[in-house]
Amino acid sequence: MKKLEINCGFCDATRLTEEALAGYGAVEVNCGILAVTDGTQRLLLNHRVDLNTGAVLKVPDGADLALRMGSFTVAPGEKPSRPTAMVVMGGLTVEPDAGETLSGYVRFQVMGSLRCPRSLYDPARFQVMGSQTLIPDGYEYAEGPLTLGRNAVSLYGGRRIFTDDTVIFTGDADPEALAASGTVFACPGAAAPETVIASVRPLLELPRPDALTPLPKGALYLSGSQKLTKRLVNRSKRLYIDGDLTVERRNGDLLLELEALRVTGRALVPEELEDALLDLDPLCGDVFPYRGALIRHEDLTVIRARLRKEGFLTVLDCSRVELAEDLTPEEIEEGLALTACGEVVCTPLQEDAVRDVSEDTDRITVRTPGAEPEPEPEPRDPDTVEINCGTYRF
């Protein structure tokens, strides 16, 4: 008998019947999400169907099933006419007054992100493979980071705001006016000039007291990884970077314009500019001087002509680095530095040189040139019915 092989992202087996499987001696389903009912799940098990799936969505008997690609919002007044289970491939947002609408959905499978009021969140209803943001009752959600200046009262006065990013007070903010209006910010962290720290604290609901960062006078606060640019220096000569800072060789002169620097993460600087950085007496989590061109945070880095073009490459925090087979050990030793990379792939002739230039590398894989020819494609089995698609419904 023939074999049925289904390869898809989403497989709807909620209407599977005995007849659909009867004509096949074997069935194999490879999918990201499989939707079943109690009855169809028993059918699959009784027929010994080979299932390879990332997630299973259990749909109650009699419920409709819907698939949404991208963002979807559960809003007031839009309750489905029949009980519905929904798969969302993207972001799902539940609005605060959508409790009645939400009751029309028996299950959500979210492949992405969920944003939901805490009182409406039920772990039995939501299956989330991604991030979750639960908003406290009585708070409005605001996408951060939030920068509060002289217009903060007109923007947020009298409101209770929740954000999952940083709240930053600038020097011209008026914390007393915000407090008088009843404004509250619930957030994971905040930063404010050290002169107004005491008046800012009553406005904040923080997970811990030290989540409020005092900023030196005139400092510009920036969260996340940053590059030192002319535009940044024009905004302020005093920088507080809550993350990493990269100084590119072409912008090295900008270090001379800075008056103060604080980097909570790592400061990456060309080795010839390290002294200029240290002259600022910076507070840094770590200073990493690099040589030549910097390659960082790449999933796959292939070292070939770029090495000869740049003269020297520093490769940092990359998942996989592959060296071209024609690179000589001398070129590697004289032109390459590998630091904190996951895997480096090289030839036996290159191995010693790679070990010499590697630091904190997880694994060095030696590959013999020509030893792994491309496999021949397997001939198609005439007794196998193969279906390849994004969505498949039995």
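FYI, side chains are in, hydrogens and waters are out, and symmetry mates aren't considered; it's all heavy atoms of this structure. Only a predicted model underlies this, so the values are computations on that prediction, with no experimental measurement involved.
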Looking at [X], I'd like to know if its [atom1] atom is crowded, meaning that more than 12 non-hydrogen atoms belonging to other residues, nucleotides or ligands lie closer than 6.0 Å.
X    : atom1 : value
K2   : NZ    : yes
R304 : CZ    : no
D299 : CG    : no

CA sep, side-chain torsions, deciding dist, call: T84, D64, side chain to side chain donor-acceptor pair (under 3.5 Å): CA-CA 5 Å; T84 301; D64 291 340; 4.6 Å; no
Worked verdict on F394 versus R15 for side chain to side chain contact (heavy atoms under 4.5 Å, CB included): CA-CA 6 Å; F394 277 101; R15 299 181 182 180; over 6 Å; no
So, do [X] and [Y] sit near enough that their side-chain heavy atoms are less than 4.5 Å apart?
X    : Y    : result
C341 : V315 : yes
M89  : L67  : yes
T314 : L268 : no

I'd like to know if the side chain of [X] and the backbone of [Y] have a donor-acceptor N/O pair within less than 3.5 Å.
X    : Y    : answer
T170 : L148 : yes
T101 : G77  : yes
T40  : A13  : yes
T14  : V36  : no

Shortest non-hydrogen separation from [X] to [Y] and the atoms involved:
X    : Y    : result
C284 : A267 : SG-CB, 3.9 Å
V167 : T163 : CG2-CG2, 3.8 Å
A353 : P329 : CB-O, 3.6 Å
R249 : Y290 : N-OH, 4.0 Å
R107 : L57  : CG-CD1, 3.3 Å
T213 : I197 : O-CD1, 4.2 Å

Interatomic spacing from CD in Q226 to CG in L245 - rounded to 0.5 Å: 8.0 Å
F126 vs L120, side chain to side chain contact (heavy atoms under 4.5 Å, CB included): CA-CA, chis, key distance, verdict: CA-CA 10 Å; F126 297 99; L120 297 181; over 6 Å; no
Donor + acceptor pair across side chains of E343, T365 (<3.5 Å): yes
Those residues that, when tested against F72, pass ring pair (Phe, Tyr, Trp, His ring centres under 6.0 Å) (two or more places apart): none
L34/L44 under side chain to side chain contact (heavy atoms under 4.5 Å, CB included): CA gap, chis, key distance, verdict: CA-CA 11 Å; L34 173 68; L44 291 170; 4.3 Å; yes
Under the side chain to side chain contact (heavy atoms under 4.5 Å, CB included) test, residues paired with D326 that sit two or more places apart: R308, A324
Short N-O contact, D317 and R296, less than 4.0 angstrom: yes
Side chain to side chain contact (heavy atoms under 4.5 Å, CB included) assessment of L146 paired with F185: CA-CA 10 Å; L146 303 181; F185 295 94; 4.2 Å; yes
Whichever hydrophobic residues join V184 through chains of side-chain contacts under 4.5 Å: I135, Y139, Y141, F162
